[in-house]
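What follows is a single structure, written as structure tokens, with notes after it.
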Amino acid sequence: MPELPEVETVCRTLREPLVGRRIESVEVFWPRTVEPTPVAEFISEVPGNGITRVDRRAKLIVFELSGGGVLTTHLRMTGQLLYRPAEAVKAAGRGNHLRVTFELDNGARLDFIDTRKFGRIRLLSLEDWEARSAEFGPEPLEAEFDPETFYSMLRSVNRQIKPLLLDQTFIAGIGNIYADEALYAARIHPQKISSSISKKKARLLHDAIVDTLSSAIENAGTTFRDYRSGLGESGTNQSRLLVYGAAPGTECARCGTPLRRIVVGQRGSTICPRCQRLN
């Protein structure tokens, strides 16, 4: 599932071609994609709106509309939100997995493609969006997320650190890939209890989270199979991962110890048993 760096990359690549454009028409080919809004209401309410802003919140792509509404897109496992310039629309046609398409005032098209049909596009009022946004934890790349704040957050709960990092109400945007990478960088075992993490280790983990996410954004995200930017380009960050996806027995890049795969909170986790000891 795309995480913060992938969703941020989609937003950055869509911002320039979409902001200032007007949605002329909408087609919905898989009604569940726009639930709970009925299809008839969706294709009636969305056209005529200009796109005034493209942003990210947690793992959501957020389009602010000139009429005061908000469109949010959750890519889930296989979703892709692709911009088609006017000259490419005819060649793109309608593929087998096209779920929603937005025709724009310049002849271009924004397509939502989703092989497994788990992705969702929701039409919300501004008030409903603000309430939904408030349910997420802090954004890890914003200035307010500083080491002192993070340490206080960790001290306030008694949970295993990896499931806590994956909890979107605790911190926004982190998933399995970047939790594994950040914990490895900070030399913290994923089963470590959050409140027992020292201030020094909390700072190391804070910095590892920020560095890991920032680096992944610079590399346009991690593509294993389905993820693409808003312009259809693959990310390159997969070549820079140190533990996530590594086969058990692969040597640790730091100490040479064979990596081990364990299950934490029902999620697979790859660790170095020497660098990430559970004391």
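Since the structure is predicted, the reported quantities are computational estimates derived from the model, not experimental observations.
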| field | Distance (rounded to the nearest 0.5 Å) between Ile23 CD1 and Asp105 CG | value | 9.5 Å
| task | Before giving the answer on side chain to side chain donor-acceptor pair (under 3.5 Å), spell out for Asp211 and Ser214 the whole-Å C-alpha distance, their side-chain angles and the decisive distance to 0.1 Å. | result | CA-CA 5 Å; Asp211 291 347; Ser214 299; 5.7 Å; no
| For Pro273 against Thr257, the heavy-atom pair lying closest together | CG-CG2, 3.8 Å
| remark: With sequence neighbours left out, the residues meeting side chain to side chain contact (heavy atoms under 4.5 Å, CB included) with Arg12 are Glu8, Arg15, Ile217
| Quick one: are Leu124 and Leu71 in side-chain contact, heavy atoms under 4.5 Å? | no
| Given the rule in the salt bridge (Lys or Arg N to Asp or Glu O under 4.0 Å) test, do Arg94 and Asp111 qualify, once you have shown the distances and angles that lead to the verdict? | CA-CA 9 Å; Arg94 179 188 166 186; Asp111 288 346; over 6 Å; no
| message | So for atom CD, which belongs to Glu41, do other residues, nucleotides or ligands contribute more than 12 heavy atoms lying within a distance under 6.0 Å? | response | yes
| Below 4.5 Å, heavy atoms only, C-beta onward: do Arg132 and Arg57 meet side chain to side chain? | no
| message | Using a strict threshold of under 4.0 Å (side-chain N to carboxylate O), is an ion pair present between Glu24 and Arg22? | response | yes
| query | Are Arg122 and Thr72 close enough that a side-chain donor and a side-chain acceptor fall under 3.5 Å? | reply | no
| message | I'd like to know if Leu259 and Tyr178 are part of one continuous hydrophobic network [Ile/Leu/Val/Met/Phe/Trp/Tyr, side-chain heavy atoms within less than 4.5 Å]. | response | no
| Heavy-atom pair of closest approach, residues Arg267 and Asn176 | NH2-CB, 3.4 Å
| field | Fellow cluster residues of Val264, listed by chain then number, with links counted only when side-chain atoms sit under 4.5 Å apart | value | Ile262, Ile271
| message | Under a 3.5 Å cutoff, is there a donor and acceptor pairing between the side chains of Thr78 and Asp226? | response | no
| query | How long is the span from the CG atom in Asn219 to the OG1 atom in Thr236, to the nearest 0.5 Å? | reply | 4.0 Å
| Is there a donor-acceptor pair closer than 3.5 Å between any side-chain N or O of Gln168 and the backbone N or O of Gly173? | yes
| Which pair of heavy atoms, one from Pro140 and one from Ala172, lies closest together, and at what distance? | CD-O, 3.0 Å
| said: Whether the side chain of Thr13 engages the backbone of Thr9 through a donor-acceptor N/O pair (distance < 3.5 Å, no angle test) should be reported. | reply: yes
| task | Consider only side-chain heavy atoms of I, L, V, M, F, W and Y, link residues closer than 4.5 Å, and tell whether Ile209 and Phe170 are in one cluster. | result | yes
| task | Output all residues satisfying ring-ring contact (aromatic ring centres under 6.0 Å, His included) with Phe150, sequence neighbours left out; order by chain, then residue number. | result | Phe145
| Other ILVMFWY residues reachable from Tyr151 by side-chain steps of under 4.5 Å | none
| More than 12 heavy atoms of other residues, nucleotides or ligands under 6.0 Å from CZ of Arg274: is that the case? | no
| Nearest heavy-atom neighbours spanning Asp55 and Cys11 | O-SG, 3.2 Å
| remark: Value for CD (Gln276) from CZ (Arg260), rounded to nearest 0.5 Å, stands at 11.0 Å
| Donor-acceptor side-chain pairing of Thr33 and Lys117 below 3.5 angstrom | no
| said: Nearest 0.5 Å, please: how far is CD in Glu3 from CD in Glu181? | reply: 10.0 Å
| Are Phe136 and Leu60 close enough, and set up right, to give a side-chain contact (heavy atoms from CB on, under 4.5 Å), and what steps lead you there? | CA-CA 11 Å; Phe136 294 115; Leu60 296 176; 3.9 Å; yes
| note | Residues passing the side chain to side chain contact (heavy atoms under 4.5 Å, CB included) test with Thr73, sequence neighbours excluded, are Ile61, Phe63, Leu75, Leu81, Phe112, Ile121
| task | State yes or no: do Val157 and Ile161 share one hydrophobic cluster built from I, L, V, M, F, W and Y residues joined by side-chain heavy-atom distances below 4.5 Å, directly or via other members? | result | yes
| said: List the residues meeting side chain to side chain contact (heavy atoms under 4.5 Å, CB included) with Ile43, not counting sequence neighbours, and say none if there are none. | reply: Val26, Val28, Val39
| query | Within the side chain of Asp207, is there an N or O that forms a donor-acceptor pair under 3.5 Å with the backbone of Leu204? | reply | no
| remark: To the nearest 0.5 Å, atom OG of Ser194 lies from atom CZ of Arg159 at 8.0 Å
| said: If the condition is ring-ring contact (aromatic ring centres under 6.0 Å, His included), which residues does Phe224 pass it with, not counting sequence neighbours? | reply: Tyr244
| task | Taking Thr52 for its side chain and Glu64 for its backbone only, find out whether a donor-acceptor pair lies under 3.5 Å. | result | yes
| field | Pair Asp114-Val100, side-chain contact (heavy atoms from CB on, under 4.5 Å): steps then yes or no | value | CA-CA 9 Å; Asp114 188 14; Val100 181; over 6 Å; no
| Just wondering, more than 12 heavy atoms not from Glu35 lying within 6.0 Å of its CD? | yes
| message | Looking at every non-hydrogen atom in both residues, tell me the closest pair between Leu141 and Val210 and how far apart they are. | response | CD2-O, 3.9 Å
| message | Is it the case that over 12 heavy atoms from other parts of the model lie below 6.0 angstrom from the CZ atom of Arg53? | response | no
| request: Output yes when a side-chain donor or acceptor of Ser215 lies under 3.5 Å from a complementary backbone atom of Thr212, and no otherwise. | output: no
| said: Please say yes or no: joined through hydrophobic side-chain contacts below 4.5 Å, possibly via intermediate residues, are Val7 and Val62 part of one cluster? | reply: no
| query | Can you list the other members of the hydrophobic cluster that holds Phe118, where links are side-chain heavy atoms under 4.5 angstrom apart? | reply | Met77
| said: If hydrophobic clusters are built from ILVMFWY residues whose side chains come within less than 4.5 Å, do Ile174 and Met1 share one? | reply: no
| field | Glu148/Arg203 salt bridge by N-O under 4.0 Å criterion | value | no
| message | How close do Leu183 and Lys162 get, counting heavy atoms only, and between which atoms? | response | CD1-CB, 3.9 Å
| note | The remaining residues in the hydrophobic cluster of Leu82, counting side-chain heavy-atom contacts under 4.5 Å among Ile, Leu, Val, Met, Phe, Trp and Tyr, are Phe29, Leu98, Ile113
| Polar contact flag, side-chain donor to acceptor under 3.5 angstrom, Asp146-Thr149 | yes
What side-chain donor-acceptor pairs closer than 3.5 Å can you find for residues 227-235, not counting sequence neighbours?
{"residue": "Tyr227", "atom": "OH", "partner": "Ala220", "partner atom": "O", "Å": "2.9"}
{"residue": "Arg228", "atom": "NE", "partner": "Ser234", "partner atom": "OG", "Å": "3.4"}
{"residue": "Arg228", "atom": "NH1", "partner": "Arg225", "partner atom": "O", "Å": "2.9"}
{"residue": "Ser229", "atom": "OG", "partner": "Leu231", "partner atom": "N", "Å": "3.1"}
{"residue": "Ser229", "atom": "OG", "partner": "Glu233", "partner atom": "N", "Å": "3.2"}

| task | Can you measure from OG (Ser195) to CZ (Arg155) and round to the nearest 0.5 angstrom? | result | 6.5 Å
| said: Before you tell me yes or no, could you show the steps for Gln80 and Thr115 under side-chain contact (heavy atoms from CB on, under 4.5 Å), namely the whole-Å CA-CA distance, both residues' side-chain angles and the distance that decides it to 0.1 Å? | reply: CA-CA 9 Å; Gln80 299 175 357; Thr115 305; over 6 Å; no
| request: Using side chain to side chain contact (heavy atoms under 4.5 Å, CB included) as the criterion, list what pairs up with Ser198, not counting sequence neighbours. | output: Lys200, Lys201
| request: Name all residues meeting the ring-ring contact (aromatic ring centres under 6.0 Å, His included) criterion together with His74; count only those two or more places apart in sequence or in a different chain, and write none if there are none. | output: none
| query | Do we see a donor-acceptor contact under 3.5 Å between the side chains of Arg109 and Thr101? | reply | yes
| message | Check this for me: Arg76, atom CZ, are more than 12 non-hydrogen atoms of other residues, nucleotides or ligands nearer than 6.0 Å? | response | yes
